[in-house]
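We number each residue from 1, following the sequence as shown. In each ligand, atom 1 is the first atom listed, and ligand 1 is the first ligand listed.
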Amino acid sequence: MEHGNPPHVVVLGSPGMGHFIPIVVFAGGLSRDLALSVTLIAHTGDPPSAAEQSLLRSLPDAVDLVLFPQLPAEDFTAGTKIEDRVFRTVMSSLPRLRSLLGNLAPFAALVVDPFCLDAIPVAAELGVASYVFFTSSCMSLSLAFHLHQLDASFQGEFRDLPEPVRLPGCVSVHGKDLMEPIQDRGNPVYATFLRIAERFLEAEGVLVNSFEALEPGAIKALREGSSHPPVYPVGPLIRAGSSDSGEGHECLRWLDEQPVGSVVYVSFGSGGALTRAQLYELAMGLEASRQRFLWVANRPHEHDASATFFGAESDDDDPGSFLPEGFLERTKALGLVVPRWAPQVAVLGHAATGGFVTHCGWNSTLEGLVHGVPLIAWPLYAEQKMNAVLLAEDAKVALRVEADEDGLARREEIARAIGCLMEGEEGKRLQRRARELRDAAARAMEEGGSSCMAMLDVAEKWKRQRNTQ
Ligand code: UDP
């Protein structure tokens, strides 16, 4: 920034690794790359987990950090949806936030993650403009902008919509693939999403973690749309491989010994859990594929595909206790299974990694693309099914695993998809496409690139805001 003190921006993030990681990366970038004065308010475990602490250590010293605790698990019942849990945690922090922001004011802008939109009126009380840092795709953002219209146009559940939904500039998506929290109008989270969708309109702008080459149609439509705040695609923002305590992890040493491009990495993110039957089929499918694999395996759960999201690490995490008998022994020459957490960015950046079976969490998606790794899309919850449609049918960088009518993907199908990704002609085509997107992502972020320019544009607005204070 040219003269005077740099504008002060306060960034507020919600709990859960899928939101914590991008908000920390975003706040760090504002300080490091744009030399803004930054206060980051992050929700973490109490105390923060090892993975959270490791990422926080990567923040520039200049960032002022305030940690708000997540609500404890005891405050929720087993059936509480993760989104509900996140919204309620953020709500419970608002009194503390109000007093903190009051002490920090005046400042140039508040930037909130999409689960923290209830903080916008708190900033408005202080006369401070708010921006959203949207941690998913432009397609999901477009859904948020059109949710009220969709809600009014159809009375039943979206899975029963007779026609696919066509969001402006986006690939058509079947109602059943719209984000999971809006699939049940009877659940209180549906009303919360509708309420939050309106809050977007109170923001001065929305920065979105996506880039031109990945979502050209959606971005064009969002730019042209006038019924919502301006949208700035500033991605892909992902963390550096060195920030996730990966150094020396056994899986990286194991990857060092595998041939280039030979390993399929399998992970369902920070929260994903398969049913026991599905976990078995996946194990048997991996074995049948005869491909090298690195699998971050979570304990199965029969009813909750996001069961690991807020789950504490425990002794039960030992994959030997829940994988098919003899599986680890039979596959030890070809594969490695690690419990709960791998240094994913370092894994995806490793030369041995040639494919990624992913739950399509948006961070995982971007991390795969930034490293030019082709994908098998295996969505579980949240907005992951929409992401899978975008990746397979629009960006054409992913294969799908088809489930049978009973919802189970069988071992033969899994082995087919993995073989196809790692050795087939289609795999080669996807690999070329993944590399194209990798290069386009790098261009978007470099000086003069579309995402870099969009970020500078917003920073310029904050600077002008500072000058009027
Ligand atoms: N992650 C990781 N190691 C793991 C699982 C997840 O480092 O074993 C990181 C991953 O790199 C990503 C984040 O956790 O940055 C997960 O975010 P995503 O949006 O992909 O999915 P979520 O976990 O929110 O469903």
Looking at E436 and R433, is there a salt bridge between them, counting it only when a charged N and a carboxylate O are closer than 4.0 Å?
yes

Give the ring-plane orientation class for F26 versus F133, where under 30° counts as parallel, over 60° as perpendicular and anything between as tilted.
parallel

Would you mind listing which atoms of ligand 1 come within a distance below 4.0 Å of any non-hydrogen atom of G18?
17 (O), 24 (O)

With a 4.0 Å heavy-atom cut-off (strictly under), which part of N363 contacts ligand 1: side chain, backbone, both or neither?
both

Cationic N near anionic O, under 4.0 Å, R88 to D84
yes

Indicate the ring-plane relationship of Y190 and F158, choosing parallel, tilted or perpendicular according to the 30° and 60° boundaries.
tilted

Strictly under 4.0 Å, does any heavy atom of F268 approach an atom of ligand 1?
no

Just so I know, are the side chains of L399 and E426 near enough to count as touching, which here means a heavy-atom distance under 4.5 Å?
yes

Answer yes or no: is there a donor N or O on one side and an acceptor on the other, between the side chain of Q384 and the main chain of L380, under 3.5 Å?
yes

Contacting atoms of ligand 1, where contact means under 4.0 angstrom from a heavy atom of W362:
19 (O)

Atom indices of ligand 1 within 4.0 angstrom of R239 heavy atoms, with elements
2 (C), 7 (O), 9 (C), 10 (C), 11 (O), 15 (O)

Any heavy atom of F20 under 4.0 Å from ligand 1? The part involved is neither

Evaluate Y265 for polar contact with ligand 1, using N/O atom pairs at a separation under 3.5 Å.
no

So the atoms of ligand 1 within less than 4.0 Å of a heavy atom of R340 turn out to be 8 (O)

With heavy atoms of Q384 as the reference, note each atom of ligand 1 found under 4.0 Å away.
25 (O)

Would you check if the side chain of E383 reaches a backbone N or O of L178 as a donor-acceptor pair within less than 3.5 Å?
no

Would Q344 count as being in polar contact with ligand 1, using the rule that some N or O on each side must be under 3.5 angstrom apart?
yes

Can you confirm whether W254 sits close enough to L294 that some side-chain heavy atom of one is under 4.5 Å from a side-chain heavy atom of the other?
yes

For E367, take its heavy atoms, then give the atoms of ligand 1 lying under 4.0 Å from any of them.
10 (C), 11 (O), 12 (C), 15 (O)

Which of the numbered atoms in ligand 1 are below 4.0 angstrom from a heavy atom of S364?
18 (P), 20 (O)

Any donor-acceptor N/O pair, T331 side chain to F327 backbone, under 3.5 Å:
yes

Has H19 got any heavy atom lying under 4.0 angstrom from an atom of ligand 1?
no

Report yes or no: does a heavy atom of G16 sit under 4.0 Å from some atom of ligand 1?
no

With atoms numbered from 1 as shown, which atoms in ligand 1 lie under 4.0 angstrom from a non-hydrogen atom of A342?
2 (C), 3 (N), 4 (C), 7 (O), 8 (O)

Do R410 and D404 have side chains that approach each other closer than 4.5 Å (heavy atoms only, starting at C-beta)?
yes

